[in-house]
Amino acid sequence: MNSLVTANYRRIAKIKVSTPMHISSGLDLEHSLLDQVLKGDIECGYALWRSKQALVVPKSATHRENFEQACELCAEQEWPVVVRSTGGELTPQNEGFLNLSIVLKCKKGQLSIKDSYQVICQAIIQWLAEQNIAGSCSSIDGAFCDGDFNVVVGDQKLVGTAQRWKKITDPAVREDGSDMALLMHAVILCDGDLPSMWNISNAFYKTCNLKPFIIANKHISLSQILNRRGEAFVIKMLDSLDLSLGKYIDDFSEKHFK
């Protein structure tokens with residue numbers, strides 16, 4: 001489901017793709033959303049999407065010793081390795097995860113790095129509260145792609161986040177004083193065999209002569225929290241998040257673009 005709505009005179013994109021896609025298509029989707037902000041087609045918006053099973057690694061990983069061997073090892077176990085253009089660390093993807101991409105335009109100094117991470121984290125924490133789940137932001141030592149803005153439940157990682165800034169160069173788009181476009185991404189561990197994901201991730205690291213560091217019990221999924229699982233559960237969570245985000249992004253845009 002794709003939509004472009006006008007809320008409070010703002011052009012807001014709202015996209016939901018329920019069927020798992022190749023991870024490269026998902027990355028293309030969020031880059032397209034960012035481009036729409038850069039061109040002035042929209043001012044903010046989000047995309048909810050799912051990926052087929054893969055290991056996503058930063059470009060820097062391609063320079064590691066035995067990278068090709070690591071890719072072959074993972075592919076043999078049906079975990080294709082896909083290289084992304086941005087930094088960070090290895091991130092597994094599978095059909096049971098929910099991906100959220102949020103984009104918006106900003107004026108210089110309008111949002112700090114912490115503020116910008118809070119935009120996506122608070123959207124998720126608010127939605128979790130609607131499911132009677134208490135979430136917060138914290139670093140979790142031993143978690144995949146760790147950072148201060150994981151969304152955690154207790155002392156276990158449920159959501160990983162990342163962001164990318166890009167300068168707006170079109171003078172017409174900059175007329176309101178905005179000079180930056182921001183892309184935020186979150187991967188939510190909804191369902192799936194988490195231990196197998198950490199095993200293959202650590203195997204990738206080990207083959208590249210890097211220290212395996214991902215600890216299984218540092219993570220938790222929504223299926224474990226809510227004692228539900230399967231495709232119907234994932235779709236229910238996706239639809240629920242879409243409803244919550246629709247209102248969140250409308251309310252946020254009203255305040256952000258004052």
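Note: hydrogens, waters and symmetry copies are ignored here, and every other heavy atom, side chains too, is used. The chain is numbered in sequence order, starting from 1.
- With rounding to the nearest 0.5 Å, the separation of SG in C106 from CG in L111 is 4.5 Å.
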Set out, in order, the CA-CA distance, both residues' side-chain angles and the distance that settles side-chain contact (heavy atoms from CB on, under 4.5 Å) for S201 and L55, then state yes or no.
CA-CA 7 Å; S201 299; L55 295 179; 3.8 Å; yes
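- One finds the NZ atom of K108 at 9.5 Å from the CZ atom of R174 (value rounded to the nearest 0.5 Å).
- For V56, the side chain to side chain contact (heavy atoms under 4.5 Å, CB included) partners at least two apart in sequence or on another chain are I23, R84, Q93.
- Using cut-offs of 30° and 60° for the angle between ring planes, the W49 and H185 rings count as tilted.
- Considering only heavy atoms from C-beta on, Q77 stays 4.5 Å or farther from Q53 through its side chain.
- Panel note: side chain Y46, backbone D242; a donor-acceptor pair is recorded below 3.5 Å.
- Of the possible donor and acceptor atoms, one in the side chain of D191 sits under 3.5 Å from a partner among the backbone N and O of G230.
- The main-chain N or O of S139 is never found under 3.5 Å from a side-chain atom of D148 such that the two would form a donor-acceptor pair.
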Go through T207 and N66 one step at a time and tell me if the side-chain hydrogen bond (donor to acceptor under 3.5 Å, both in side chains) criterion holds.
CA-CA 6 Å; T207 306; N66 298 331; over 6 Å; no
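- Across every non-hydrogen atom of W127 and L241, the tightest pair is NE1-N, 3.4 Å.
- Judged purely by atom type and a 3.5 angstrom limit, S253 uses its side chain to pair as donor or acceptor with the backbone of I249.
- No salt bridge links K107 with D176; every basic N to acidic carboxylate O contact stays at or beyond 4.0 Å.
- Residues Q110 and H256 form a side-chain contact, since some pair of their non-hydrogen atoms from C-beta on lies under 4.5 Å apart.
- Hydrophobic clustering (ILVMFWY, side-chain heavy atoms < 4.5 Å, transitive): I102 and I113 are in one cluster.
- Between V159 and L100 the shortest side-chain heavy-atom distance does not fall below 4.5 Å.
- Side-chain atoms of K218 and F213, non-hydrogen and from C-beta on, never get closer than 4.5 Å to each other.
- By the rule that hydrophobic residues join a cluster once side-chain heavy atoms approach within less than 4.5 Å of another member, L210 and V81 end up as members of one cluster.
- Atom OG of S196 and atom CD1 of I200 lie 8.5 Å apart (nearest 0.5 Å).
- Of the possible donor and acceptor atoms, none in the side chain of D170 sits under 3.5 Å from a partner among the backbone N and O of K39.
- Tested against L38, the residues K166, M180, K105 include a single side chain to side chain contact (heavy atoms under 4.5 Å, CB included) partner, K166.
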Show your working on side-chain hydrogen bond (donor to acceptor under 3.5 Å, both in side chains) between E130 and S240 and close with a plain yes or no.
CA-CA 9 Å; E130 294 167 5; S240 171; 5.1 Å; no
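- Under the 4.5 Å side-chain contact rule for hydrophobic residues, F149 and W165 share a cluster.
- With rounding to the nearest 0.5 angstrom, the CG atom of D155 is 12.0 Å from the CG atom of D141.
- Residues G192 and N94 approach most closely at CA-ND2, 4.0 Å, considering heavy atoms.
- I140 approaches N150 most closely through the heavy-atom pair N-ND2, 3.5 Å.
- Side-chain contact check for C137 versus Y117: every heavy-atom pair is 4.5 Å or farther apart.
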Under the criterion side-chain contact (heavy atoms from CB on, under 4.5 Å), I'd like the reasoning laid out for F97 against M197: C-alpha separation, chi angles, the key distance, then a yes or no.
CA-CA 12 Å; F97 290 1; M197 298 177 203; 3.2 Å; yes
side-chain contact (heavy atoms from CB on, under 4.5 Å) between L34 and S101, worked out
CA-CA 9 Å; L34 180 63; S101 305; over 6 Å; no
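- Under 4.0 Å is where a charged nitrogen must lie from a carboxylate oxygen, and between K247 and D251 at least one such pair does.
- Side-chain contact between N132 and L226 is absent, with no heavy-atom pair separated by less than 4.5 Å.
- Two residues are said to be in side-chain contact when any heavy atoms from C-beta on lie closer than 4.5 Å; E95 and V234 fail this criterion.
- The shortest side-chain heavy-atom distance between I12 and D250 falls under the 4.5 Å cut-off.
- With hydrogens and angles ignored, the 3.5 Å screen pairs a side-chain donor or acceptor of Y248 with a backbone N or O of V119.
- Taking CD1 from I225 and CD1 from I133, the interatomic distance works out to 4.5 Å, rounded to the nearest 0.5 Å.
- Ring pair W198/F144 is parallel by interplanar angle, where below 30° counts as parallel and above 60° as perpendicular.
- No chain of hydrophobic side-chain contacts below 4.5 Å, direct or via other Ile, Leu, Val, Met, Phe, Trp or Tyr residues, connects L90 to L73.
- When all heavy atoms of C190 and G96 are compared, the pair lying nearest together is CB-O, 2.9 Å.
- K157 places no side-chain N or O within 3.5 Å of a backbone atom of L189 that could act as its donor or acceptor partner.
- Under a hydrophobic-cluster definition in which Ile, Leu, Val, Met, Phe, Trp and Tyr are linked whenever side-chain heavy atoms come within less than 4.5 Å, directly or via other members, I220 and I215 are assigned to different clusters.
- Looking at R11, its side chain does come within 3.5 Å of a backbone N or O of G40 through a donor-acceptor pair.
- Counting all heavy atoms, side chain and backbone alike, R50 lies closest to S18 at NH1-O, 2.7 Å.
- Taking every heavy atom of both residues into account, Y205 and I214 meet most closely at CE1-CD1, 4.0 Å.
- Considering CG of L98 and CD1 of I235, their distance stands at 8.5 Å, rounded to 0.5 Å.
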Could you give me the CA-CA distance, side-chain angles and deciding distance for I125 and V151, then say whether side-chain contact (heavy atoms from CB on, under 4.5 Å) is met?
CA-CA 7 Å; I125 289 170; V151 176; 4.0 Å; yes
